[in-house]
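A quick write-up on the structure given underneath.
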There are 2 protein chains.
Amino acid sequence: MGSLQYCEHCGNRLCIYRVPLFSSLSEENLHQIASYIQHRSFEKGELLISEGESTDSLVIIHQGVVKAFRYTAAGREQILYLFSEGDFFGEQYLFSNLKATYNVEALSPVKICLLTKSHLHKVLLTHPEVAIKLISELGKRIAQMENTFQSMGIRDVDARVATLLLDFAERYGREAPGGTLINLPISREGMANYLGIARETLSRKLSKFEDDGLIQSLDLKTIQVKDSDSLEDLAGLS
Amino acid sequence: MGSLQYCEHCGNRLCIYRVPLFSSLSEENLHQIASYIQHRSFEKGELLISEGESTDSLVIIHQGVVKAFRYTAAGREQILYLFSEGDFFGEQYLFSNLKATYNVEALSPVKICLLTKSHLHKVLLTHPEVAIKLISELGKRIAQMENTFQSMGIRDVDARVATLLLDFAERYGREAPGGTLINLPISREGMANYLGIARETLSRKLSKFEDDGLIQSLDLKTIQVKDSDSLEDLAGLS
DNA sequence: AAGAATCTGTGATTTAAATCAGATATTTAA
DNA sequence: TTAAATATCTGATTTAAATCACAGATTCTT
C-alpha cells in the first residue's frame, strides 16, 4: 500500500481545487476542507482497494489512472470503471456500511486525496451546496453509466468497439495533425474485458478498422483516430 | 398525458411517507414537503416522459410499475430500468439543464408524486439530512447498476437469464407453497430487450429452465421459481 | 363470442464470435 | 544485450446465439 504523505507542492489544497465537486466553494471553505484531506501515492500495479475491504473515505484521483474491476464467476476480470484526474469514487460506502464491491488498481503512478466519511459528513451538513454538487455529479455518473449500459446492450460488437475508441479519444486523447492520438490506459486484453468480448475478437476488430482506414495503431499503447466520422457512424451516433 | 390531480386518500402525504428518501424527516418537515408535492396518474401504456423532453421534477413512483427505455441505432428498444413503488428518477436533470435521455412508460396504472427542481432545491438547502439520504440512495443505485453492468458483461446467457429471474423474484415475487411466484411486469420481448438478447433465445432458455425443473411457467405473466439454489448457481452467486 | 391482432414457442439455417492453436512482437529481467 | 516471459496477431474450427419461418396461444376489439 502507498504510504501516507502530505503534498508539499500544494499544501494539501491543489487537489480539491481541481475537483469539480468543490468548485462552488469559497476560498475560505476550500481551505477548511483542505485541512481534512489526506494524500497517498501508489505505484503502477498497486491496489488502492480490495473487494470486501471496508472503506471509510471518498477517494479523489489527483494524478494518474486507476481501474475498478471485479472477477466474474468464470474468473474473467470485468472492468467497471476507469477513473482519472478529477474523478472520485467510494461514494456508495459513505452512508452505508457496505464493504467495497470492487478492486481498484493503479494503472500508472497515482496520487489520491482522501476525505473520510465523518469529515465529508461534516462538510455536507454545513455546506449544502456541496451536497447539491455531489448529487449533481452522481447524476452525471448515472447518466454516463446509462450510456455504457446501453452500449453493452448493443449486440453489434463493431459499434461497441467504436464507442470505446471514441470514449478513449475524448478522455485520453490529444489532438495531432493526422488525427487524435489516444494514449491507451489499458492493454488489448483489458479493453476486451471492459467490453465483455474475447481478446482475439478485439484484435480482429482493430485490424479491420485499421484496414478500413478508421484508425492507425502507432504502437501498442497508441492509436490514432484517422476517421472519427466513420467511427461515430459505426457507434450509432449519427 | 395524465391529468393533474390531488390525492384525496392521503392528503398529499402518503407518498412521501413511503419513500425512503424522506424517511429521516420529522412529521413537521414531512408535512411541509408534502405541500410542495403534486400528484399525477397515468394509464397503462401512457408515456410519463419522452426522450428529449425537458423535465424539471423529481418523480417518485407511488403505485404501479414503469419502464425507462431508449431506442438503439438498430431500432430495438433497450430497457434501462424498471421502477416501482418507492423508486424515484429524474435526479440527473435536477441540477443540470439536460433533456431527458430516455422515455418512461407506464406498464400498469401508475400514480406518481412530483417535486419540482426549485422545491427540492429548497428542501435540500434547509434539510441537509435529506441531501445525505439522496446521496446514499444514488450510491445504492450506482452499486445496483454496477451489478447489472457486470451481468451484462457476462457472455454466458444462461447466467444472465438466471440473474434476471432472481432479480424479478425479489422485486415482483410473493412467497407461495411451491416456490416464489413472479408476477412479470414485462413481456418476453421486454425481458429479451432488457438483457440485450433475441426474444427466441429467451424463450428457449426459459423452456430449458422449465425442462430442468428450475422454474415453472404458470401463465404468460406468472413464473414460479421451483429451484432457486440452482438458479443462483447458474447466476454465478455461489 | 368471434375474428383480428399480437405475442409466444420451436424447428431449420445462417452468422458472428468464442475457442483453439501457433506465429510474431514486445516488454521485462537477468 | 540476451533470454525469458508476456502480450498480440492471425488462421482454422467450433459453438452459441441470431435470424428466418411458421404454428399455436393469448389478448384485444367490436
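Just so it is clear: chains get the letters A, B, ... in the order the sequence lines come, proteins before strands, and each one is counted from 1.
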### Message
I'd like to check the side-chain hydrogen bond (donor to acceptor under 3.5 Å, both in side chains) partners of A:Lys140; sequence neighbours left out, ordered by chain and number.
### Response
A:Glu137
### Residues forming a side-chain hydrogen bond (donor to acceptor under 3.5 Å, both in side chains) with B:Asn147, sequence neighbours excluded
A:Arg70
### Results of side chain to side chain contact (heavy atoms under 4.5 Å, CB included) for A:Thr201 - residues two or more places apart only
A:Val157, A:Ile197, A:Ala198, A:Lys205
### Message
Does the Lys NZ or Arg CZ of A:Arg76 fall within the cation-pi geometry relative to A:Phe69 - under 6.0 Å from the ring centre and within 45° of the axis?
### Response
no
#### Entry: All pairs passing ring pair (Phe, Tyr, Trp, His ring centres under 6.0 Å) where residues 165-222 of chain B contributes a residue, at least two apart
B:Phe168-B:Tyr172
Expected list for residues 217-228 of chain B: side-chain donor-acceptor pairs under 3.5 angstrom, two or more places apart:
| unit_1 | atom_1 | unit_2 | atom_2 | d |
| --- | --- | --- | --- | --- |
| B:Asp219 | OD1 | B:Lys221 | N | 2.8 |
| B:Asp219 | OD1 | B:Thr222 | N | 3.4 |
| B:Asp219 | OD1 | B:Thr222 | OG1 | 3.4 |
| B:Asp219 | OD2 | B:Thr222 | OG1 | 3.1 |
| B:Gln224 | NE2 | B:Gly179 | O | 3.0 |
| B:Asp227 | OD1 | B:Asp229 | N | 3.4 |
| B:Asp227 | OD1 | B:Ser230 | N | 3.0 |
| B:Asp227 | OD1 | B:Ser230 | OG | 3.2 |
| B:Asp227 | OD2 | B:Ser230 | OG | 2.5 |

### Query
Rounded to the nearest Å, what distance is computed from the CG atom of residue B:Asn193 to the C1' atom of nucleotide C:dC7?
13 Å
Distances under 3.5 Å between protein N/O atoms and the N/O atoms of nucleotides 20-24 of chain D, please, pair by pair.
| unit_1 | atom_1 | unit_2 | atom_2 | d |
| --- | --- | --- | --- | --- |
| D:dC20 | N4 | B:Glu200 | OE2 | 3.2 |

### Angle between terminal axes - the helix from C:dA1-D:dT30 to C:dA30-D:dT1, 5 pairs each end, rounded to 10°
60°
### Gap between atoms NZ and P, on A:Lys205 and C:dA16 respectively (whole Å)
8 Å
### Task
Start with the C-alpha distance between B:Lys208 and B:Asp158, add both sets of side-chain angles, then the distance that settles salt bridge (Lys or Arg N to Asp or Glu O under 4.0 Å), and finish with yes or no.
CA-CA 10 Å; B:Lys208 187 165 73 73; B:Asp158 284 35; 2.8 Å; yes
### Task
Figure out the CG/C1' separation between A:Leu206 and D:dA7, and round it to whole Å.
14 Å
### Query
In chain order, what residues pass the ring-ring contact (aromatic ring centres under 6.0 Å, His included) check against A:Tyr102, with sequence neighbours excluded?
none
## Note on the structure
From NZ of A:Lys208 across to C1' of D:dC9 the rounded distance in Å is 16 Å
### For A:Phe89, all residues meeting ring-ring contact (aromatic ring centres under 6.0 Å, His included), sequence neighbours excluded
A:Phe83
### Summary
Sequence neighbours excluded, the answer for salt bridge (Lys or Arg N to Asp or Glu O under 4.0 Å) partners of B:Glu77 is B:Lys67
### Pairs where residues 169-187 of chain B contributes a residue and the test salt bridge (charged side-chain N to carboxylate O under 4.0 Å, His left out) is met, not counting sequence neighbours
B:Asp167-B:Arg171
Provide a list of protein-nucleic acid N or O atom pairs under 3.5 angstrom, restricted to nucleotides 28-30 of chain D.
none

### Query
Expressed in angstrom and rounded to an integer, what is the separation of A:Ile197 atom CD1 from D:dT15 atom C1'?
17 Å
